[in-house]
Amino acid sequence: MNKTVIFLLDGEVIEGSPGKTILEAAEDAGKYIPRLCAYKGLAPHGSCRVCTVLVNGRPQASCIQPIADGIVVESESAEVRELRRGVIEMLFVEGNHFCMCCEKSGNCELQALAYRFGITAPRYPYLFPKREVDATHPYILLDRNRCIQCGRCVRASRDVDGKNVFQFGGRGAGKRIAVNAAGGLGKTDAAVIDQAIEVCPVGAILRKRVGFRVPVGKRKFDHQPIGSDIEGKAGPTAV
Ligand code: FES
């Protein structure tokens, strides 16, 4: 009972295996759906809402919504694009994302999405938060002012590294990424090679001592828009 699921994505017939999410099935068909908290090899989180699509007219997070026969999915309509754009703009104003002086510039997925959506200045006022920066680890920096709370580091540390170094602490607007030692990151068993360090999509978790080893202008998204490695290439799911 392994029949193919058939659904419509932006008017195109897509076939996928049962159990795949909309985001995965779209990607197998060479269609990129923007995302931030989703990451290949990590359990889906469904928190950032950048991957929102309309399923039979209702908004759903495509990274957690399984495909089903006959559903009609909109991903590239003006309405959906505007919705995603708003989410991305809010992420920018909620934190301190000063790309021109961030080591992650050019490799940052939030920045790359802003370029993809043509965002030059957010419509909303900046909050300019003042959050704790943890520089206690000799090789890793944690800057909560740039954290978008995607939870990639939490899942990677728990499920891949097996360390549980990162968790969320606090509630609501006071929610922050936390570490499992009172003395800060330097008192944990976090290592610079941990997957939790690798998967941060923004400049919240950075490796020290290697800053600008790859010069600006030669970084991942400097010449290739985010998602362009997926678009037009039908193949195994890359998320
Ligand atoms: Fe789907 Fe974040 S990528 S909610």
Side-chain angles (χ1 to χ4, degrees), residues 5 7 9-10 14 16 19-68 71-77 79-95 97 104 107-117 119 122 146-160 166-168 172 175-177 195-196 198-205 220-221 225-231 236-239:
V5 176
F7 66 102
L9 175 61
D10 293 325
I14 304 288
K20 292 244 175 187
T21 63
I22 293 171
L23 186 143
E24 289 169 331
E27 187 155 326
D28 285 348
K31 310 284 181 197
Y32 172 67
I33 298 178
R35 76 292 302 261
L36 276 174
C37 67
Y39 190 86
K40 182 183 181 181
L42 298 182
H45 200 232
S47 59
C48 75
R49 273 4 204 200
V50 169
C51 72
T52 297
V53 293
L54 294 183
V55 180
N56 296 339
R58 300 182 62 165
Q60 304 281 356
S62 64
C63 70
I64 51 173
Q65 185 70 25
I67 54 175
I71 57 172
V72 177
V73 180
E74 282 175 51
S75 177
E76 284 301 320
S77 63
E79 180 183 355
V80 175
R81 285 183 58 82
E82 182 55 26
L83 202 153
R84 286 184 192 139
R85 188 187 164 99
V87 172
I88 295 163
E89 287 181 63
M90 284 188 269
L91 286 172
F92 265 99
V93 300
E94 192 277 336
H97 300 282
K104 193 82 173 191
N107 288 325
C108 173
E109 294 177 37
L110 180 63
Q111 179 194 45
L113 282 173
Y115 281 127
R116 185 177 174 107
F117 281 82
I119 298 168
R146 298 185 188 133
C147 176
I148 58 169
Q149 302 189 359
C150 65
R152 285 189 190 178
C153 59
V154 175
R155 287 170 282 155
S157 186
R158 181 191 64 207
D159 302 335
V160 182
F166 298 98
Q167 302 95 29
F168 286 115
K175 185 176 168 187
R176 301 278 184 273
I177 200 72
Q195 187 68 0
E198 177 67 25
V199 297
C200 179
V202 292
I205 303 178
K220 186 172 180 186
F221 302 121
I226 192 166
S228 55
D229 53 335
I230 294 168
E231 286 165 324
T237 300
V239 160

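Every number for a ligand or one of its atoms is a count from 1 in the order of the listing.
Checked by atom type and distance alone, the side chain of Ser75 never pairs as donor or acceptor with a backbone atom of Val53 at under 3.5 Å. A distance-only check finds a donor-acceptor pair linking the side chain of Arg152 to the backbone of Val199 [under 3.5 Å].
Across all their heavy atoms, Val50 and Leu91 have their closest contact at CG2-CD1, 4.4 Å.
At the top of the distance list for atom 4 (S) of ligand 1, counting protein heavy atoms only, stands Arg49 N, 3.1 Å. The protein heavy atom nearest to atom 3 (S) of ligand 1 is Arg35 CB, 3.4 Å.
Short contacts between ligand 1 and Ser47, defined as distances under 4.0 Å to a heavy atom of the residue, involve ligand atoms 4 (S). Less than 4.0 angstrom separates some heavy atom of Cys63 from each of these atoms of ligand 1: 1 (Fe), 3 (S), 4 (S).
Rounding to 10 degrees, one finds that atom 2 (Fe) of ligand 1 sits at the corner of an angle of 110° between Cys37 SG and Cys48 SG.
Heavy-atom contacts from other residues, nucleotides or ligands closer than 6.0 Å to CD of Glu76 number more than 12. Remark: Phe168 CZ is packed, more than 12 non-hydrogen atoms of other residues, nucleotides or ligands lying under 6.0 Å away.
Remark: Asp10 CG to Ile33 CD1 distance equals 8.0 Å, nearest 0.5 Å.
When Ala38, Cys150, Cys51 are checked for heavy-atom proximity to atom 1 (Fe) of ligand 1, Cys51 turns out nearest.
When non-hydrogen atoms are compared, ligand 1 lies under 4.0 Å from the backbone of Leu36 (N, CA, C, O) but not from its side chain.
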